[in-house]
Undergrad: 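Structure incoming, see below.
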Amino acid sequence: MTKDLLKNKEFDLVSVIYNASQAAETCSQYIKDAEGDQEVERFFNDVIDSNSNLVQKGKDLLKHRI
């Protein structure tokens, strides 16, 4: 019965949202580690931006499905 409450696609969306959020958070630490190397800092900022966009898109999709 619980399987019907949260179908696989909804669980998958939650999983992707969580993992993208964690990746963005982890890259925040990596930026501190890369201090002084602007090219690497930019890369980590790009990763944060990309993952933040994915989190928002995932949330938008999820709220219309549950």
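Values in this document were obtained by computation on a predicted structure and should not be read as measured data. Just so you know, these numbers use all the heavy atoms, side chains as well, and skip hydrogens, waters and symmetry mates.
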Undergrad: What pairs with Asp46 under side chain to side chain contact (heavy atoms under 4.5 Å, CB included), at least two apart in sequence or on another chain?
TA: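 For Asp46, no residue satisfies side chain to side chain contact (heavy atoms under 4.5 Å, CB included) once neighbours in sequence are set aside.
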Undergrad: Return each pair, listed once, that meets ring pair (Phe, Tyr, Trp, His ring centres under 6.0 Å) where at least one residue sits in residues 43-66; pairs must be two or more places apart or across chains.
TA: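 Listed once each, the pairs are Tyr30-Phe44.
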Undergrad: Could you pull out all donor-acceptor pairs under 3.5 Å where a side-chain atom in residues 17-26 meets a protein atom, sequence neighbours excluded?
TA:
from  : atom 1 : to    : atom 2 : distance (Å)
Asn19 : ND2    : Ser15 : O      : 2.8
Asn19 : ND2    : Ser15 : OG     : 3.4
Thr26 : OG1    : Gln22 : O      : 2.9

Undergrad: Quick one: CG on Leu62 to CG on Asp12, what's the gap to the nearest 0.5 Å?
TA: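 CG of Asp12 is found 11.0 Å from CG of Leu62.
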Undergrad: Could you list the residues that satisfy side chain to side chain contact (heavy atoms under 4.5 Å, CB included) with Asn53, not counting sequence neighbours?
TA: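 Asn53 satisfies side chain to side chain contact (heavy atoms under 4.5 Å, CB included) with no residue once adjacent residues are dropped.
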Undergrad: Clusters formed by hydrophobic residues whose side-chain heavy atoms approach within less than 4.5 Å: which one holds Leu54, and what are its other members?
TA: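 The other cluster members (ILVMFWY side chains, heavy atoms under 4.5 Å, direct or chained): none.
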Undergrad: For residues 31-41, which side-chain donor-acceptor pairs fall under 3.5 Å, sequence neighbours excluded?
TA:
from  : atom 1 : to    : atom 2 : distance (Å)
Asp33 : OD1    : Gln29 : NE2    : 3.3
Asp37 : OD1    : Glu39 : N      : 3.4
Asp37 : OD1    : Val40 : N      : 3.4
Glu41 : OE2    : Gly36 : N      : 2.8

Undergrad: Kindly work out whether a path of hydrophobic side-chain contacts (I/L/V/M/F/W/Y, heavy atoms less than 4.5 Å apart) joins Ile48 to Val55.
TA: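 No.
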Undergrad: Give me each pair satisfying salt bridge (Lys or Arg N to Asp or Glu O under 4.0 Å) with a member in residues 57-66, each pair once, sequence neighbours excluded.
TA: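 Sorted result for residues 57-66: Asp60-Lys63.
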